[in-house]
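Have a look at the structure below before the remarks.
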Amino acid sequence: MNLRGVHFSLRRWLSSSSSSKSSSVSWISPLQLSKFNAHKPDAPPETQTEARRKTKYISHDAAVNLIKRERDPQHALEIFNMVSDQKGFNHNNATYATILNKLAQSKKFKAIDAVLYQMKYDTCKFHEGIFLNLMRHFSKSSMHERVLEMFSAIQPIVREKPSLKAISTCLNLLIDSNQVGLAQQFLMHLKKSLNLKPNTCIVNILVKHHCKNGDLESAFEVVKEMKKSKLSYPNLITYSTLIDGLCESGRLTEAMDLFEEMISKDQILPDVLTYNILINGFCRGGKVDRARKILDFMKSQGCNPNVFNYSALMNGFCKEGRLEEAKELLDEMKRFGIKPDTVVYTTLINCYCRTGRVDEVLEVLKEMKENECKADTVTFNVILGGLCREGRTEDALKLLDKLPYEGIYLNKGSYRIVLNSLCQTGELNKGKELLRLMMGRGFVPHYATSNELLVRLCEAGMAGDATMALFGLVEMGFKPLPDSWALFVESICRERKLLPAFELLDELVNIEYN
DNA sequence: TTAGGGTTAG
């Protein structure tokens, strides 16, 4: 089926029947006019019914594609409602999943509730994947209680008990966002009402939780319990998590001991991830040469290093300023048939920048281009930092100016790196220029940086510039620190610019401090 | 996308 054509005809259909339906679909109750509603609005006039008959029937697959392709969530919802108006069409798991995902992506939570409400009364067979996806979205939006709510909705709507996968997903989302209280509540609920028999995966999440808090003793306590149960016996992930925890706490010797114990006592073989945890741990602990040996060891054991392993080790060399070895590592990985990615090149570029060789970065960028590896925001933030550290703020400003035209998205960090540097070196004219550039692009500096720039402008006797900057910043919601006001007013008076001083005082009166 | 891994700035 030609989707473009279908989309077009559907749009025409939508607009032709707008008087009856699509225009009255609202966000608050987006399904009020759906076929599940007892009172339908007046039937469309006959001519429109005729038009509908001529319109191509839209299948579930086509509806899914249409909803996916629609950018505007309101329109997506209209499509969802409209297709269900077709004779014999009932939404299925796929169309519900697609509309819910679309609404969740655009954070239309009320509309989500309305769709979920409709699902309760639909006889369609649903799968719990819909709810796992919603749980992830709610977690990302820091709506942690709603994560639990989605879990609880599984049984009534899917009409099956939540799987172990659902339980792990929910628990992991709560733990990863540090919702310990909710996680405990969740576990209690599982024990009571679902008679849960936890598997290794679920207990591993708890082990991770203790490791993250640096509470290794509790982590080991949990593992001791795991060993008593067949259902949750420790596996490679349990050990890797523990080894990572030990490395994070700087307990490298114990990490190695545990690694060996895993192999000899439990006959569990490490994989690339386990080795990477060790490589990283040793690099962080300043033992890069040991990390290098671990990489060689894994090779000798037939475990081929991947791009993660090389970039971790490369970062270790970079942090110690060992550029030559980092470069050799790049060659080695290429010989080994591993394609360096953006992270690897960025790590290497960082090494050039940190060793005061920012000029040579151009060569690396050229190589990246040749290998079709795109330098990203992080890459350029590293370069911006390198330029500033060498006092080449003019070059940094030029880069900031042109990158967006070359398809590189800058973030607030990009501007902050340069603006902070300009403030520190007292290059206030350039600071002023940068402020204009970034505000013109919709980026407001961090309030501390804004405050510092303003104060420095005043101290340098640039009261006029300070005032201009201040007005711009206040308009974007910036509130200077109370102490700074006195300085502005004093500075303006000193420079005999009284009119701006009065205007400033007006601003002061208008700003509310909480 | 069921549990464990790599880059910048702050």
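Just so you know, these numbers come straight off a predicted model, no measurement behind them. Chain A is the first sequence line, chain B the second, and so forth, proteins listed ahead of strands; every chain is numbered from 1.
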Does the protein touch nucleotides 1-6 of chain B at the base, only the backbone, or not at all? Give it as B, S and - per nucleotide, heavy atoms under 4.0 Å. SBBBBB
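- The interatomic distance linking A:Leu329 (CG) with B:dT7 (C1') rounds to 15 Å, in whole Å.
- Ion pairing of A:Asp296 with A:Arg292 is present here, as a side-chain N (NZ or NE/NH1/NH2) and a carboxylate O approach within less than 4.0 Å.
- Among pairs with a residue in residues 423-439 of chain A, those fulfilling side chain to side chain donor-acceptor pair (under 3.5 Å) read A:Thr393-A:Glu427, A:Thr393-A:Lys430, A:Thr425-A:Glu427, A:Glu427-A:Lys430, A:Asn429-A:Lys432, A:Lys432-A:Asp465, at least two apart in sequence or across chains.
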Between A:Asn172 and A:Lys208, does a side chain to side chain donor-acceptor pair (under 3.5 Å) hold up when you go through it step by step? CA-CA 9 Å; A:Asn172 195 44; A:Lys208 172 178 74 170; 2.5 Å; yes
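- Distance, A:Asp376 CG to B:dA9 P: 14 Å, rounded to whole Å.
- For the segment residues 379-391 of chain A, residues with any heavy atom less than 4.0 angstrom from an atom of DNA chain B are, sorted by number, A:Asn381, A:Val382.
- Between A:Glu406 and A:Lys374 there is no salt bridge, since none of the side-chain N atoms of the basic residue sits less than 4.0 Å from a carboxylate O of the acidic one.
- Note on A:Lys212: nothing from the nucleic acid sits closer than 4.0 angstrom, heavy atoms only.
- Ion pair A:Arg146/A:Asp113 flagged as a salt bridge, since at least one NZ, NE, NH1 or NH2 atom sits closer than 4.0 Å to an Asp/Glu carboxylate oxygen.
- One finds a salt bridge joining A:Glu225 and A:Lys228 here, because a Lys/Arg side-chain nitrogen approaches an Asp/Glu carboxylate oxygen to under 4.0 Å.
- Here, B:dT1 and B:dG5 have their P atoms 11 Å apart, quoted to the whole Å.
- Comparing the P positions of B:dA9 and B:dG4 gives an interatomic distance of 26 Å, to the nearest angstrom.
- Between the CD1 atom of A:Ile349 and the P atom of B:dA9 there is a distance of 14 Å, rounded to whole Å.
- With respect to the salt-bridge test (charged N to carboxylate O, under 4.0 angstrom), the residues A:Glu128 and A:Arg159 do not qualify.
- B:dG6 and B:dT2 have their C1' atoms separated by 22 Å, with the value rounded to a whole Å.
- Electrostatic pairing of A:Lys212 and A:Asp244 does not count as a salt bridge here, judged by no charged N lying under 4.0 Å from a carboxylate O.
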